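What follows is a set of notes on a single structure, which appears directly below.
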Amino acid sequence: MSDEQPARWLGEDERRAWINLAKVLLTLPGALESQLLRDADLTLLGYMILARLSAVPGESLRMSEIAEMANGSLPRISHAVARLEDRGWVTREVCTGQGRRFTTATLTDAGRAHLAAAAPEHVATVRRLVTDPLGEDFLAVGDAVGRIVETLGLPTEVLKSP
């Protein structure tokens, strides 16, 4: 244990910044999801899946790619996609290739239309809760958070607008 480094405690300003960031991390997803559930009958994860599918060629992805995008387990993503499929917003298909079986999810016309209808109010909520309060700092905060995304080993590609 003598090889351990002493803890690098947060200074007062760092602690204040960390507590504020933690509040955002814990509260913002619920606020975004509440709006989506109320206005579009969509969870935040469901919205992100539809948005991701809309942004890729062929509007189709392997379930494992969706799980990576959402940093979720395959069972959790499978459950979320099944809910979208039940509503007619995606279809799933079992495929084979390179000696392996995999499932793809594809955005349907109804899913594309639902996403297009949900997007304006969702974007307005994102603006009200995030971009407007940050003002000119928004892009700098986004770049800084991008470094955390990279450190966590998460994909950093940007989605196109629906």
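Just so we're clear, the structure is a prediction, and the values are computed from it rather than from any experiment.
In this pair, His114 and Trp89 present their aromatic rings parallel. The plane angle is below 30°, not in the 30 to 60° band.
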Would Val126 and Leu32 satisfy side chain to side chain contact (heavy atoms under 4.5 Å, CB included), going step by step from the backbone distance to the final call? CA-CA 7 Å; Val126 169; Leu32 294 173; 3.9 Å; yes

Can you check side chain to side chain contact (heavy atoms under 4.5 Å, CB included) on Arg52 and Ile66, steps first, answer last? CA-CA 8 Å; Arg52 181 67 176 131; Ile66 296 170; 5.6 Å; no

After noting the C-alpha distance and the side-chain angles of Asp86 and Arg83, does the key distance pass the salt bridge (Lys or Arg N to Asp or Glu O under 4.0 Å) rule? CA-CA 5 Å; Asp86 289 345; Arg83 287 193 311 260; over 6 Å; no

Residues Thr125, Val130; criterion side chain to side chain contact (heavy atoms under 4.5 Å, CB included); working and verdict: CA-CA 8 Å; Thr125 301; Val130 181; over 6 Å; no

Side chain to side chain contact (heavy atoms under 4.5 Å, CB included) between His122 and Leu36, intermediate numbers included: CA-CA 7 Å; His122 179 63; Leu36 285 165; 3.7 Å; yes

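A distance of 13.0 Å separates CZ in Arg100 from SG in Cys95, rounded to the nearest 0.5 Å. Remark: Glu59 CD to Thr91 OG1 distance equals 10.5 Å, nearest 0.5 Å. Put simply, CZ on Arg62 and CG on Leu74 are 11.5 Å apart, with the number rounded to the nearest 0.5 Å. Atom CE of Met48 sits about 10.5 Å away from atom CG of Leu115, to the nearest 0.5 Å.
Side chain to side chain, Thr106 and Arg92 fail the donor-acceptor criterion of an N or O pair below 3.5 Å.
The backbone N or O of Pro75 sits nowhere less than 3.5 Å from a side-chain atom of Ser78 that would complete a donor-acceptor pair. With hydrogens and angles ignored, the 3.5 Å screen pairs a side-chain donor or acceptor of Glu14 with a backbone N or O of Gly11.
Within 6.0 Å of atom CZ in Arg76, 12 or fewer heavy atoms from other residues, nucleotides or ligands are found, so the atom counts as exposed in its surroundings. Around the CZ atom of Arg8, the shell of radius 6.0 Å holds no more than 12 heavy atoms that belong to other residues, nucleotides or ligands.
Between Met63 and Val81 the shortest side-chain heavy-atom distance falls below 4.5 Å. In this structure, the side chains of Ile49 and Met69 come closer than 4.5 Å at one or more pairs of heavy atoms. For the pair Leu37/Leu44, no side-chain contact is recorded, criterion being any heavy-atom separation below 4.5 Å from C-beta on. Using a 4.5 Å cut-off on side-chain heavy atoms (C-beta onward), Leu107 and Leu50 make contact. Residues Asp41 and Arg87 meet the side-chain proximity criterion, which asks for heavy atoms closer than 4.5 Å. Between Leu61 and Thr104, every side-chain heavy-atom pair lies at or beyond the 4.5 Å cut-off.
Clustering ILVMFWY residues whenever any of their side-chain heavy atoms sit less than 4.5 angstrom apart, transitively, puts Leu21 in a cluster other than the one holding Phe138. By the criterion of side-chain heavy atoms lying less than 4.5 angstrom apart, applied directly or through intervening Ile, Leu, Val, Met, Phe, Trp or Tyr residues, Leu42 is not grouped with Val123; the two fall into different hydrophobic clusters. Criterion: ILVMFWY side-chain heavy atoms under 4.5 Å apart, direct or through other members. Under it, Leu53 and Val94 are not part of a common hydrophobic cluster. Under the 4.5 Å side-chain heavy-atom criterion for grouping Ile, Leu, Val, Met, Phe, Trp and Tyr, Leu129 is connected to Val145 within one hydrophobic cluster.
Comment: Arg16 engages Asp13 in a salt bridge, judged by a side-chain N to carboxylate O separation of less than 4.0 angstrom. Between Arg15 and Glu12, at least one side-chain nitrogen of the basic residue sits less than 4.0 Å from a carboxylate oxygen of the acidic one, meeting the salt-bridge criterion.
Annotation for Ala110 and Gly88: closest pair CB-O, 3.6 Å, computed over non-hydrogen atoms. Across all their heavy atoms, Arg112 and Asp109 have their closest contact at NH1-OD1, 2.8 Å. The heavy-atom pair separating Leu45 from Ala80 by the smallest distance is CD2-CB, 3.7 Å. Residues Leu25 and Pro29 come closest through the heavy atom pair O-CD, 3.3 Å. Between Pro120 and Ala117, the shortest heavy-atom contact is CD-O, 3.5 Å. The two residues Thr131 and Arg127 make their nearest non-hydrogen contact at OG1-CA, 2.9 Å.
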